[in-house]
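I'd like to ask some things about the structure below.
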Amino acid sequence: MAQGKFKEVDNKVNFPRLEENVLDFWKKEKIFEKSLEARKDNERYVFYEGPPTANGKPGIHHVLARVFKDLFPRYKTMRGYYVPRKAGWDTHGLPVEVEVEKKLGFKGKEDIEKFGVAEFNKLCKQSVWEYVQEWERMTERIGYWADLENAYVTYDNKYIESGWWILKTLWDQNRLFKDYKVTMHCPRCNTSLSDAEVSQGYKDNVDDPSVYIRLRLPESEAVRLPFGPAAAQGLPVSFLVWTTTPWTLPANTAAALKADAPYILARPNEEQETYILAKDLAPKLFGEDGFETLGEAQGSDLVGFEYQPLFKGVDLYSQPVDVSAAYRTITDEIVELGEGTGIVHIAPAYGDLDVGRRAGLPTLFSVDLSGKVLEAFPQFNREFFKKADPHISRDLKERGFMWRMGRVSHTYPFCWRCDTPLLFFAKDSWYIRTTSVKSELIANNNKINWYPGHIKQGRFGNWLDNNVDWAISRERYWGSPLPIWQCDKTFKYECIGSVAELEQKVGRSLQELDLHRPYVDELTYPSPFAEGGTMRRLPLVLDCWFDSGAMPFAQVHYPFEHKEDFEPVHFPADYICEAVDQTRGWFYTLHALGTLVKQQPTFKNVICLGHILDGEGLKMSKSRGNIVNPWDVLNNQGADALRWYLYTANPPGEPRRFSQDLVSESVRRFLLTLWNTYSFFVTYANLDQPDLTTKVPVDQRPVIDRWLVSRLNALIRDVTDMLDRYEVTGPARAIEAFVDDLSNWYVRRNRRRFWKSESDTDKLAAYQTLYEALVTVARLSAPFIPFVSDEMYRSLVQVVESDAPESVHLCDWPVADTSLIDEALIKDTATVIRVVSLGRAARSAAKLKVRQPLLEVLVKPREASEGAGLTRFKQQVMEELNVKDLVVVEDGADIMSYNVKANFKLLGPKLGKQLGAVQKALGNLDGSLIAANLRNGQPVEVTLESGETLSLAPEEVLVEAKQREGYAVVEDGGYAVALNKTITPQLKREGLLRDVVRFIQAARKEADYQISDKITVFYRVTKDANNLASDLAEALSEPESVRYLQTETLSTAVSEGSQANPAAFTQDVELDGATLQLSLLKN
RNA sequence: GGGCGUGUAGCUCAGCUGGUUAGAGCACAUUCCUGAUAAGAAUGAGGCCACUGGUUCGAGUCCAGUCACGCCCA
């Protein structure tokens, strides 16, 4: 014997337990390490892990991301690439701080300062590791191979230092600068709120002022208006603006119009003033007939008019500002005509910063960070901004600027902590000037392969098109420190690019220093800008998105290390994968820094995953309590089941509903089918010990084997092609379809070849073909289902090839032998399967059970070319359908009735509207006659209702089979299968024999006999009906029938009578109303 | 409010460049097969292909609008 026995397969397989054992094997034998070691001199495949934050338990959506991340590194490893996978952890940021603040019961920054930044950051650092073990356990259990031991951590000094280097690089390029940034600010807590915090605090039905302000045009400006010299009738002209925040009016710098909207000069009845406002909104404001239109112009024609300032503008410190560019009309895309006047009051400091930038406006202020009106406006007495509203309104009214005052009810944000109304506030912030490389960002994006494709030009492309500079500084504590020091005399800045540089400045070693606040804040050095000046660090930290975006550089401490091999060994990435919410997060920050620092895309291929929804299609959230704990699934169905479900359920970009039932379905549909096939093979191979090393050449195997080989090689080809295009669902579904064919066609069709006692080439071919298919499927599915595939592979291969790799994950990816792909054979077999399926339907419809042999089946294929294939596999169809003969009939054969229809595809373009009439006329013709004509290649003449006669070529009409007397016919999709319903006495006896065989088999099993036990059979009809006794007697009078029955049931004798032996197994069975007593006795 | 995406059977999904009667799997009912058996096969029922309009001889498919849902942004 060429090989030993295969490991027994437990057909009551417990996948979770199997997986645990595989995990132990991987760990013990260091399979992951070996898979890397074996490829380490090969070409690199670069994968970047987007770092998660481990301060919460991992959920099912994390599993989703991880299994998609895992797939391609495993695949590429098998393809021969070296694929190191460094794990990483995101550790900084506001969410971490908020978590710790909550624990400590803090209300704001003051509490943190009081508590001590050093201690606070220590707690932050601890908290990010709170769930790290849970994460590692999940990561390992789902088979996500990553180097967790050497994971990068964003709070490491080395990691931070690489970030500093990037900033210094940008500083030297003049791309790091300070400007205002509008944030949602709580004046009581004196802090900015994150978007998440803001969205928690919105309140509806907030009562606020609603005021309409006159922005008056001086005479000199009014005459320039495009309405004509006399339009204003000599009356004063104002732009009319609307706002709900009077407190921002002292900060007003411009009035914005919509460029492509019509505006009018209007004079309301009873008023000695004229106003410019949007044409569409005038009736709403003045009443339908409440005004006179004096002129009309486009918004774009009303730009550049200087109006009279409402207040004298100042900066945040109440100092005068250069306002030469202010107090004029502009156009901007933010202007809409939904409400107000169509002219928007612009106060850049309090929300319209982008508008201000676009128009080159100065930034003026009216209130300070505590929400109080600035000293520059003493008339308002340093009041809180909301309280100042009525006073400001009254002041404007007294001075004639107020047109109308009222109240409005709308939605407004409040601080989630202290319930104070928030205000938009432009604060100093440090920016990366990403807009300076906007066209490069767009060009580089065009080089990226996005999956799904629409993200590229859609969500991500739009985001780049509307690129704004990236605000990277935060007034917080737990984060990478901003490496900018400022001179306390000249206020000049300096950016530090490395620890060594800083050491040189401060004149001592910093090797022991934690680069975080507050320690880094304590480092000062003499100013190079002014004698006696001191450089102090700005007390700011970096946006944690900067940390994660810097990951390609920082994870290898570039450029302080890996300077030589950085490209292309560590950069750029071949593949990344995260959920779709990262488009403006990690995907963007990676892309931006790659373009800024390396002038190229950071990643070449990206899969963008949709979110996981619950079984009802709702988003999973803690508050809804509909979160699925991954462990429930991992412990019940197992990791491979979960993985397979996630790969096959739907395209990765779309949101997916999740429920355990769906995972169970994927177990039954795929994993169990595969497992049963494997189990079948092992069971018989262990009995037969076939030689699997001396191959039977493929061309000497039976055609059904060649079909499977063909199908298998086509599968390898297709799966490889699709994976190379970063498709996931496609290849997984293709494997699933193959396994279905393997189990439900190949194995089912060939069972007898495995059972038979003689060990001939045919049997060997069957074993080898099935074996090759199973081993290849194990290898193809290894990246998808790493556990089950490895279990199968190891037990299948190690017995046969002693020098084979010890794990499927150390194997090479299969290569398709295209010379073995016989497309015609694959197609013919598909036709056979289709026809068999229809034949069964016909049997079922006519209530003719498959055990009952029938005389013949007539088959009309869809296309004539398929007839040859059917004839070729006549035997298979006859066996499957239990019929004595198969006849392929062509259109027109005088065996069925026919319906004739128009070929829409061909005739549509030719006939156009006539088509309907032609179809109707065809219906009136004699189908059989036409069909016969067509067979001879004759055209069809049709006469339309209109009297017109047309001649149709044979290919322009289609023929459909219809029911025929004496036959059970089923027709579907162009195929027709007709079973001859006649049952001759001979056929009836044959059917009877098969019934008896089946009953004996069932009895054998019930009696618990071994498959190989020989038996003696006694039978007796105890209640006769339908001539059972005589039919049976007659059937068993033929020696051939007796031989058939004995072979099938492994019986040495079959005789009529009862068996008194107490060891006998006796059973009564019902057969068409009769009762038959069977007694079995083991020899 | 804007951008992107999705809407096909009770559920999960296919449906290629428009073409004849829109398909699978699950679940349900009925039945069959059974030396893989906690498998397998068949049949049945179940569809205004979200809605409205348009283009076309012909629309699930293309166009426009509406509605619902999801994500991102405001």
Side-chain angles (χ1 to χ4, degrees), chain A residues 9 11-13 195 333-334 336 338-339 351 452 454-455 457-463 465-466 579-585 608 610-611 613 615-619 645 648-651 653-659 661-662 664-666 668-670 672-673 675-684 729 733 736-737 740 743-744 747-748 751-752 754-755 836-845 847-851 880 882 901-919 958 960 970-974 994 998 1001-1002 1004-1005 1009-1012 1048-1050:
Chain A
V9 177
N11 56 15
K12 290 193 181 73
V13 60
D195 291 348
E333 62 206 33
I334 68 151
E336 281 165 15
E339 51 188 357
H454 63 78
I455 305 275
Q457 301 305 338
R459 191 175 286 196
F460 197 68
N462 289 343
W463 170 243
D465 288 342
N466 299 309
V580 66
D581 54 346
Q582 296 295 333
T583 30
R584 289 163 191 219
C608 207
H611 288 108
L613 310 174
E616 310 297 310
L618 294 169
K619 192 181 160 186
Y645 165 72
T648 52
N650 62 358
E654 280 166 38
R656 56 187 70 216
R657 294 189 181 197
F658 184 87
S659 74
D661 289 346
L662 294 170
S664 298
E665 192 187 315
S666 92
R668 279 199 303 276
R669 198 179 55 219
F670 176 65
L672 271 180
T673 310
W675 192 260
N676 282 334
T677 311
Y678 161 65
S679 160
F680 172 89
F681 172 84
V682 169
T683 305
Y684 287 99
T729 317
R733 286 179 177 169
E736 192 169 286
D740 189 60
S743 168
N744 292 323
V747 172
R748 193 163 57 77
R751 272 186 290 218
R752 279 169 187 273
F754 295 92
W755 303 337
V836 166
S837 160
L838 287 172
R840 291 220 188 85
R843 269 189 176 274
S844 176
K847 299 212 185 308
L848 294 165
K849 51 191 176 185
V850 180
R851 268 198 308 274
E880 283 291 314
N882 195 15
K901 286 183 146 190
N903 186 335
F904 278 58
K905 197 166 187 173
L906 289 177
L907 288 176
K910 186 170 156 188
L911 297 179
K913 280 180 177 158
Q914 269 187 322
L915 195 55
V918 170
Q919 174 76 336
L958 297 167
E960 266 179 12
V970 166
E971 204 266 344
D972 185 57
R994 287 184 71 139
R998 198 194 97 201
Q1001 302 288 32
R1004 279 185 66 113
K1005 202 168 158 195
Y1009 294 162
Q1010 293 298 304
I1011 288 174
S1012 50
E1048 287 293 311
T1049 60
L1050 274 189

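Computed from a predicted model, the values in this text were never measured in an experiment.
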Can you check nucleotides 1-10 of chain B for protein contacts, nitrogen or oxygen pairs under 3.5 Å, and list what you find?
unit_1: B:G3; atom_1: O2'; unit_2: A:N462; atom_2: ND2; d: 2.6
unit_1: B:G3; atom_1: N2; unit_2: A:R459; atom_2: NH2; d: 3.1
unit_1: B:C4; atom_1: O2'; unit_2: A:H454; atom_2: ND1; d: 3.2
unit_1: B:C4; atom_1: O2; unit_2: A:R459; atom_2: NH2; d: 3.4

Listed nucleotide nearest any side-chain atom of A:R748, set B:U12, B:A36, B:C13 = B:A36
Paired with B:U56: which nucleotide, if any, by Watson-Crick or G-U wobble criteria at under 3.5 Å for both distances?
->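 Answer to the pairing question: none, since B:U56 forms no Watson-Crick or G-U pair.
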Sidechain-backbone polar pair: A:S679 side chain, A:W675 backbone, donor-acceptor under 3.5 Å |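 The answer is no, because no donor-acceptor pair under 3.5 Å joins these two groups.
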State the pairing partner of B:A24; accept Watson-Crick or G-U wobble contacts with both distances under 3.5 Å, and report none otherwise.
->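 Its partner is B:U12.
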Using a cut-off of less than 4.0 Å, is there contact between a side-chain N or O of A:R751 and OP1 or OP2 of B:A36?
->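 Checking A:R751 against B:A36: at least one side-chain N or O falls below 4.0 Å of OP1 or OP2.
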Verify the contact: side-chain N or O of A:R668 to OP1 or OP2 of B:A27, cut-off strictly under 4.0 Å; return yes or no.
->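 Answer is yes, contact under 4.0 Å.
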Atom P, compared across B:C16 and B:A22: separation rounded to whole Å | 15 Å
What distance, rounded to whole Å, do you find between the two P atoms, one in B:U12 and one in B:C73?
->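 After rounding to an integer number of Å, I get 27 Å for this pair.
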Side-chain touch A:N676/A:T673, heavy atoms, less than 4.5 angstrom =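 With C-beta onward as the side chain, the pair stays apart.
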Per A:H611 side chain, nearest of listed nucleotides B:C71, B:G40, B:A39 | B:C71
Please state how far atom CG in A:N744 lies from atom P in B:A24, giving the value in whole angstrom units.
->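 One finds 15 Å between P of B:A24 and CG of A:N744, rounded.
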B:G58 and B:G18, which share atom name P, separated by this distance in whole Å |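 Their P atoms lie roughly 15 Å apart.
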Tell me the partner of B:G47, counting only Watson-Crick (N1-N3 plus N6-O4 or O6-N4) or G-U wobble (N1-O2 and O6-N3) with both under 3.5 Å; none if nothing fits.
->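 The base-pairing partner of B:G47, which may sit in any strand shown, does not exist here.
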With rounding to whole Å, what would you report as the distance between B:U17 and B:C13 at their C1' atoms?
->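 Between the two C1' atoms, the distance is 23 Å.
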Sticking with atom P, work out how far B:C48 lies from B:U8, rounded to a whole angstrom.
->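 One P to the other, the span is 11 Å.
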When you compare B:C49 with B:U61, how far apart are their C1' atoms, in angstrom units rounded to a whole number?
->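 It comes out at 10 Å once rounded to the nearest Å.
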Compute the centroid of each ring, for A:F460 and then for A:W463, and state whether the two points are separated by less than 6.0 Å.
->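 Distance test on ring centres: not under 6.0 Å, no.
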The Watson-Crick or G-U wobble partner of B:C32, with both key distances under 3.5 Å, is B:G40
note: A:D740, atom CG; B:A36, atom C1'; distance rounded to Å ~ 14 Å
Write down the partner of B:U17 under the Watson-Crick or G-U wobble criteria, each distance required to be under 3.5 Å.
->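 Here B:U17 is not engaged in any pair, so there is no nucleotide opposite it.
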Length of the line joining A:E736:CD and B:C26:P, which is rounded to integer Å = 11 Å
Nearest of B:G25, B:C13, B:A36 to any side-chain atom of A:E665?
->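 Nearest nucleotide to the side chain: B:G25.
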For the pair made of CH2 in A:W675 and P in B:G40, what is the distance, rounded to whole Å?
->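 Result: 17 Å.
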By nearest nucleotide on RNA chain B, pick out whichever of A:T673 and A:T729 is the more 5' one.
-> A:T729
How far, in whole Å, is B:A24 from B:A41 if one measures between their P atoms?
->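 Per the computed distance, 13 Å lies between those P atoms.
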What nucleic acid atoms does A:T648 come within less than 4.0 Å of, heavy atoms only: base, sugar-phosphate, or nothing?
->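 It contacts nothing in the nucleic acid.
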Residue A:R733, side-chain heavy atoms: nucleotide from B:C13, B:A36, B:U12 that is nearest |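 Between B:C13, B:A36, B:U12, the one nearest the side chain of A:R733 would be B:C13.
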Rounding to the closest angstrom, what is the interatomic distance between B:U55 and B:G60 at atom P?
->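 Between the two P atoms, the distance is 16 Å.
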Spacing of A:R459 atom CZ and A:C608 atom SG [to the nearest 0.5 Å] =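 Going from the CZ atom of A:R459 to the SG atom of A:C608 covers 7.5 Å.
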Hey, are the side chains of A:R669 and A:D740 touching, using non-hydrogen atoms and a 4.5 Å cut-off?
->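 A side-chain contact is absent here, since even the closest heavy-atom pair is not under 4.5 Å.
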Under 3.5 Å: donor-acceptor pair, side chain of A:R733, backbone of A:T648 |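 Side chain of A:R733 to backbone of A:T648, a donor-acceptor pair under 3.5 Å: yes, one is there.
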Taking the six-membered ring for Trp, are the ring centroids of A:F754 and A:F680 within less than 6.0 Å of each other?
->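 For A:F754 and A:F680, the ring centres are under 6.0 Å apart.
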Is there a Watson-Crick or G-U wobble partner for B:G7 with both distances under 3.5 Å, and if so, which one is it?
->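 Base-paired to B:C67.
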For B:G1, the Watson-Crick or wobble counterpart (both distances under 3.5 Å) | B:C73
Side-chain donor or acceptor of A:S743 under 3.5 Å from a matching atom on the base of B:A39?
->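 By the distance-only test, no, there is no pair.
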To the nearest Å, give me how far apart OH (A:Y684) and C1' (B:A36) are.
->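 Rounded to the whole Å, the gap is 7 Å.
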Do any side-chain nitrogens or oxygens of A:N466 fall under 4.0 Å of OP1 or OP2 in B:C73?
-> no
